[in-house]
Amino acid sequence: MREITFIDAIREAYEEEMRRDNSVFIVGQDVRGAIFPHTKGLVEEFGPERIVDTPIAESGMYGVAFGAAQEGMRPVCDFMFGGFSYVTFSECSVTTGQYHFLHGSQHPLPLVITAGVGTGQRLANDHAMSIHGTFAHHPGIKVAMPSTPYDAKGMFKSAIRDNNPVVIPWHMGIMMLKGEVPELGDDYVVPLGVADIKREGSDVTVLANSLQLQHALTVAEKLAGELSVEVIDPRSFVPFDMDTLLTSLEKTNRLVVVDEDWESGGFAATVSARVMEQGFDLLDAPVTRVTLPNMPVPGGYMEEYVAPNPERIEAAIRAVCA
Amino acid sequence: MALTSDQMVLLYRNMVRADQFNKMMYRRMMQGKLIGFYHPAEGAIAPGVGASTFLNQDDNLSPHHRGHGITHMLCKGIDIKYYLAEHTGKETGCCKGRSAFHFSFPEHKVYMMSGFIGYNFAPVVGWGFAAKRRAQGQVVMNCSGDGSYGQGRAHEAMLMSQNWQLPVIFFCENNGMSIFSTAQEMHPQENIASLADGFGMPSIIVDGQDVFAVAEASLQAIERARTGGGPTFIEAKTLRFNEHDIGTPDLSGWEERSAEEHEAMRKREPIRIATERVLGDSLLTQNEIDQIIEDALAEIEAVEQFADESPIARPPVEELMAGVFAD
């Protein structure tokens, strides 16, 4: 199989979906010139009518996506950095999440929200925050985040075809990660709501996503021979594949949740609570979380103080297996 | 754009219907027969009727929240019985009784009422974007009050609509009041329409108590939008006879609105202005007007009966959970 980068995989998903369906378009700021390369060159094939730049007016920009989706189109709204979605967060979360349900479940809202997220660029809080947990808090919105080029292409295609609002950020720390992807024209999709066991193991389960999945796999390899670590990529946060996690815990009885989000009220807390509610008897040790401490993400070299990393993940694994 | 006699009679009929529907909603709120609240439209019904009567089914309409959009929606051919059923928590409601006061009639391209004032503006850009791309003459009538133009979203929508020459009509129903605060105090210039100047958008200021004047301005803007001429700003100067929503005090700032102010306002009663016109122009006789009122009352009786006889919506929670996402 050929190898391409994570960010190129997203671009291939856009290209194939836009060729397949004329109602798909991308709206954002400076997506034509491609501030991030997932939209690079698209304007040459699809024109400025489908690769749409707006003024710096996030509500209006998201309004293009929201209103066009109501009109039956399938927009992808690119916020550039995840934190920028908070500029119009009331629309993205409240108005979007309630739209279909509150109005009698009679009118779907098929749109995609994406943005680069995560630590690693030393850009500080508003350019480094994760958004999946905050969006996952609001009902009516699907939330997913790919971790490999294969998943990125397949999940973005699924998100664009989905009849619901889908928030699918991508982590800047794995932008250039290379991985195997089927040949062009092989129209595969990765369904939303299905977790993936990225490495099998028997002593402890680590749930991790995106950059942190790469860290977890590094640690699992390092510990091989000493501890057998099963690494699960949730891929989707809403809906979340609880069955895959519980099945894994039947084998390992131990869980570390790595989540590049704040400790308080984050997705890791939700998973931890659900495991206690639905799988308490499976546990031989308390669920352990590796998250960001509850401080705004500092920039510069202090980012290293707060971001989850292989050392913290290894320490958590050892603690839960002790 | 001069109106034909038929157009004027249709506008008059819709004025009477809007007036009677508003009175019904007021009465039901006072009787405890509505869920939530009601923002009465008395004094301010002409703008919605003038803006909405000549829209096509596939034109988008965002109704003003005053009168809960009824004066606008009934002019677009929407059967209000499904909205009254919604507003009374019934399973026959337009949103299956889930939404309290929200409405949604996607087949008429009235998608939503946001509980956040000024949240019409952002989706409106998307409707205009889709309409322009479709290039079939679809227009967007975007109605909201003077208060909503405080939202940055209003300015963003005007910016983008003018940039892209979208078929959007920014229809401002300026009743001079935003809950207790006056437009005079909340906006730097007397005319909200002056905002359009900054974007190079054409604007019309019209007497919002005169439904015929409002309709003429609306038809002009609709024609411009349909033929690719881009957006228009219409400011209809109107009035709010009642308090903001039933039960709140009727204040200007923090003091009671005066009897003199009310007396002056009520001289500009829009039904009376319209009635004088249709009688003066011999478009209708008093007998015909009486019949129009009778028809409206009969329509409302049927609407109330439908809502009152419909069962209360109390579906199992599983059914609700299954409705959070679309298939």
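Letters A, B, ... are given to chains in the order of the sequence lines, protein chains preceding strands, and every chain is numbered from 1. Bear in mind the structure is a predicted one, so any value in this text is a computation, not a measurement.
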Given that the side chain runs from C-beta out, which part of A:Asn164 has a heavy atom under 4.5 Å from chain B: side chain, backbone, both or neither?
side chain
Without hydrogens or angle criteria, can the side chains of A:Glu71 and B:Asn60 be said to hold a donor-acceptor pair below 3.5 Å?
yes
Would you say the side chains of B:Glu173 and B:His72 form a donor-acceptor pair under 3.5 Å?
yes
Using a 4.5 Å heavy-atom cutoff, which residues in residues 45-56 of chain A come close to chain B?
A:Glu49, A:Arg50, A:Val52, A:Asp53, A:Thr54, A:Pro55
Salt bridge or not for A:Arg235 and A:Asp241, using N-O below 4.0 Å?
no
Where does B:Tyr119 contact chain A at under 4.5 Å (heavy atoms): side chain, backbone, both or neither?
side chain
For the pair B:Lys90 (side chain) and B:Ser310 (backbone), establish whether a donor and an acceptor sit closer than 3.5 Å, ignoring hydrogens and angles.
yes
Comparing B:Asn163, B:Val324, B:Val125 against chain A, the one with the most heavy-atom pairs below 4.5 Å turns out to be B:Val324
Under a 4.5 Å heavy-atom cut-off, does chain A meet the side chain of B:Phe129, its backbone, both or neither?
side chain
Please check: side-chain N/O of B:Asn174 versus main-chain N/O of B:Asp146, any donor-acceptor pairing under 3.5 Å?
no
Any side-chain donor near an acceptor of the partner, B:Arg98 and A:Ser105, under 3.5 Å
yes
Answer yes if the side chains of A:Asp259 and A:His132 hold a donor-acceptor pair under 3.5 Å, and no otherwise.
yes
Chain B heavy atoms under 4.5 Å from A:Val27: which part of the residue, side chain, backbone, both or neither?
neither
Proximal component of B:Lys132, with respect to chain A [non-hydrogen, under 4.5 Å]
neither
Answer with side chain, backbone, both or neither: which region of A:Ile141 has an atom nearer than 4.5 Å to a non-hydrogen atom of chain B?
backbone
Does any backbone or side-chain atom of B:Met160 lie under 4.5 Å from a heavy atom of chain A? Answer side chain, backbone, both or neither.
side chain
Regarding A:Asn22 and A:Arg74, do their side chains bring together a donor and an acceptor under 3.5 Å, going by distance alone?
no
Proximal component of A:Tyr62, with respect to chain B [non-hydrogen, under 4.5 Å]
neither
When every non-hydrogen atom of B:Phe121 is compared with those of B:Ser144, the smallest separation belongs to CZ-OG, 3.4 Å
One should read off an interatomic distance between A:Tyr86 OH and A:Phe79 CZ, to the nearest 0.5 angstrom, of 11.5 Å
Under a 4.5 Å cutoff for heavy-atom pairs, which residue among B:Arg134, B:Lys109, B:His155, B:Arg153 has the most contacts with chain A?
B:Arg153
Under 3.5 Å, is there a donor-acceptor pair between the B:Glu86 and B:Ser99 side chains?
yes
Do we see a donor-acceptor contact under 3.5 Å between the side chains of A:Glu58 and A:Gln29?
yes
Go through B:Gly128, B:Gly115, B:Ala322, B:Pro106 and name the one with the most non-hydrogen pairs under 4.5 angstrom from chain A.
B:Pro106
Among the listed options A:Gln98, A:Glu91, A:Lys142, the residue most often paired with chain B at heavy-atom distances under 4.5 Å
A:Glu91
Between A:Pro108, A:Ser90, A:Gly97, who has the most heavy-atom pairs with chain B when the cutoff is under 4.5 Å?
A:Ser90
